[in-house]
There are 2 protein chains.
Amino acid sequence: MSGREFNSWQTVQTEVLRRINAREWKPGDFIPNEAELAVEFGCARATVNRALRSLAESGLLDRRRKAGTRVAVNPVRKATLSIPVIRHEIEGKGQSYRHTVLTQERAVPPAEIRARMRTEPGVQLMHLVTLHMADGKPYVFGNRWINPKAVPGVETADLSSQSANEWLVANVPFEGGDFSFSAMTAGTQEAEILACRQGDALVVIDRSTWNTTHVITSVRLTFAPGYRMHTEI
Amino acid sequence: MSGREFNSWQTVQTEVLRRINAREWKPGDFIPNEAELAVEFGCARATVNRALRSLAESGLLDRRRKAGTRVAVNPVRKATLSIPVIRHEIEGKGQSYRHTVLTQERAVPPAEIRARMRTEPGVQLMHLVTLHMADGKPYVFGNRWINPKAVPGVETADLSSQSANEWLVANVPFEGGDFSFSAMTAGTQEAEILACRQGDALVVIDRSTWNTTHVITSVRLTFAPGYRMHTEI
DNA sequence: CAGTGGTCTAGACCACAAG
DNA sequence: TTGTGGTCTAGACCACTGG
């Protein structure tokens, strides 16, 4: 006796998941509404809401007011990809980190960058080429443009002791960004900088970040051969 | 005259974000506890909790019982990467989709696959090589292993009309998976199948999915040159 | 031990959208 | 119009963990 009834939102969530997996509720089916489930599970409606909302956020349920809740027909899986600061990524593997600024200048960017950064023709940006090393070996090569209008103070910042990435993360809040992932073949420049062979396949990440008024920075990271980005679903 | 005070959890969240961005609360700082914020914002503690929990989930706050809530020192940005069914990805660009099964057999997998799928030596798995085409041109090449023990019925399924990926998504619920992203150089086999040149850099995705008892499937997707995966932060 | 976040409840009102 | 999810509240107890 005793054995207090235990219906946390996680209990509810687990049971709902079980029913979906057991196909008691099939993709496309409507499930009972919150009030009914609350009665069935002997808990408050808010508790059911918490459980179902969480499942909806991960894409397993579709919820709409008035219509109700149904099992997602096409469970689009979402992986959350964490984007660490490169130094942390390297140190996290137990390797030593070092970085070098290869060039730092003010320059008018090429058209492609100008489009991505939404600046006017002829406007100069800060251009920074850096190399990050793990245990002394080239790890990733960064080609970065920064809009000084969006980042007051960047011109006087010391970007040799702290990488531009870290300086920006620590000093410039941003609202959003985009991120893309592709592959390229190492040419002479990449082979030289990354100490690899021409023709090696390299992972390339292009990333921009912006705040409400400006595109802050746009960077292309070119990784040494063998790089692999990993995540769990 | 009314003008009822309006303090939704999103209002609270927005204000907290503003303070973080304005550096009123700096990285590493403790912020007031839930009860205090509830008083300040004139709302219930649960409302503050909802706002802060959401920010913690996205990595901007660190919360610990007894210790309190602090602004994350190292805001690890997380991108959510949605993993669509290839057919949807292609059709979403307005291209036509077609796929072909190149080979389908039962076979003992190589050691690497056996390790990933956690099967015993000598156990046969289903092995499936498929090519997906966009507007008639090779788009991605899939090398997939499926554990029939985890998927009763897969041996009799018709995987030529519906791709293995879609069949699995529709018929086999899974609990988790992993996902990795790398680059490789096209060899003779890849060049032939994807109709590209040897030496081209190709994007490679390795993915496994499992349920509580088995690894269900493990697949390597090798994309034709030019593939780019994109996401927003 | 005691302070903080984590969760649950019962009830209420609201916002949205299907019919 | 009306049913369903979305949210808010005031209060309560719990769970974890720092001091």
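Note that this is a predicted model, so its numbers are computed, not measured. Lettering of chains follows the sequences in order, A, B, ..., and the numbering in each one begins at 1.
- Considering only side-chain N and O atoms, B/N49 lies nowhere under 4.0 angstrom from the phosphate OP1 or OP2 of C/dG5.
- Going from atom CD of B/Q13 over to atom C1' of D/dG6 covers 15 Å, rounded to whole Å.
- In the set C/dA18, D/dT7, C/dA2, the nucleotide with an atom closest to the side chain of A/A67 is C/dA18.
- The nearest whole Å value for the distance from the CZ atom in B/F30 to the C1' atom in D/dG18 is 10 Å.
- Distance CG (B/L55) to P (C/dG6): 12 Å, rounded to an integer number of Å.
- Note: CD (B/Q10) to C1' (C/dA15) measures 13 Å, nearest angstrom.
- Proximity of B/F179 to B/L81: side-chain heavy atoms (C-beta onward) are separated by under 4.5 Å at one or more points.
- A/N33 places its CG atom 12 Å from the P atom of D/dG6, with the value rounded to the nearest Å.
- Here A/T47 does not reach the OP1 or OP2 of C/dT7: none of its side-chain N or O atoms lies under 4.0 Å away.
- Closest contact between the side chain of A/T69 and the listed nucleotides C/dG6, D/dT9, D/dG5 involves D/dG5.
- In terms of position along DNA chain D, the nucleotide closest to A/K66 lies nearer the 5' end than the nucleotide closest to the other residue of the pair A/K66 and A/R53.
- A salt bridge links B/E40 to B/R19: one of the charged nitrogens lies within less than 4.0 Å of a carboxylate oxygen.
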**Item:** Pair A/T11-A/T14, side-chain hydrogen bond (donor to acceptor under 3.5 Å, both in side chains): steps then yes or no
**Value:** CA-CA 5 Å; A/T11 308; A/T14 302; over 6 Å; no

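- We find that CD1 of B/I31 is positioned 12 Å from C1' of C/dG5, with the value rounded to whole Å.
- If you find the closest nucleotide of DNA chain D to A/P32 and to B/W9, the one lying nearer the 5' end belongs to A/P32.
- In this structure, the CD atom of A/E34 is 15 Å from the C1' atom of C/dA10, given to the nearest Å.
- Contact annotation: A/R45 side-chain N/O to C/dT9 OP1/OP2 distance is not under 4.0 Å.
- Contact check on A/E34 versus A/R53 returns no salt bridge, with no Lys/Arg side-chain nitrogen under 4.0 Å from an Asp/Glu carboxylate oxygen.
- If you measure from atom CZ of B/R63 to atom P of D/dG18, you get 15 Å, rounded to the nearest angstrom.
- Relative to the side chain of B/S8, the nucleotides D/dC8, C/dT9, D/dT7 differ in distance, and D/dC8 lies closest.
- Put simply, the side chain of A/W167 reaches to within 4.5 Å of the side chain of A/V172, judged on heavy atoms.
- Not one side-chain nitrogen or oxygen of A/R50 sits closer than 4.0 Å to the OP1 or OP2 atom of C/dC8.
- For A/R65, no side-chain nitrogen or oxygen approaches OP1 or OP2 of D/dG3 to under 4.0 Å.
- Between B/R64 and D/dG18 there is a side-chain polar atom (N or O) within less than 4.0 angstrom of OP1 or OP2.
- The side chain of B/A46 has D/dT9 as its nearest neighbour among C/dA18, D/dG6, D/dT9.
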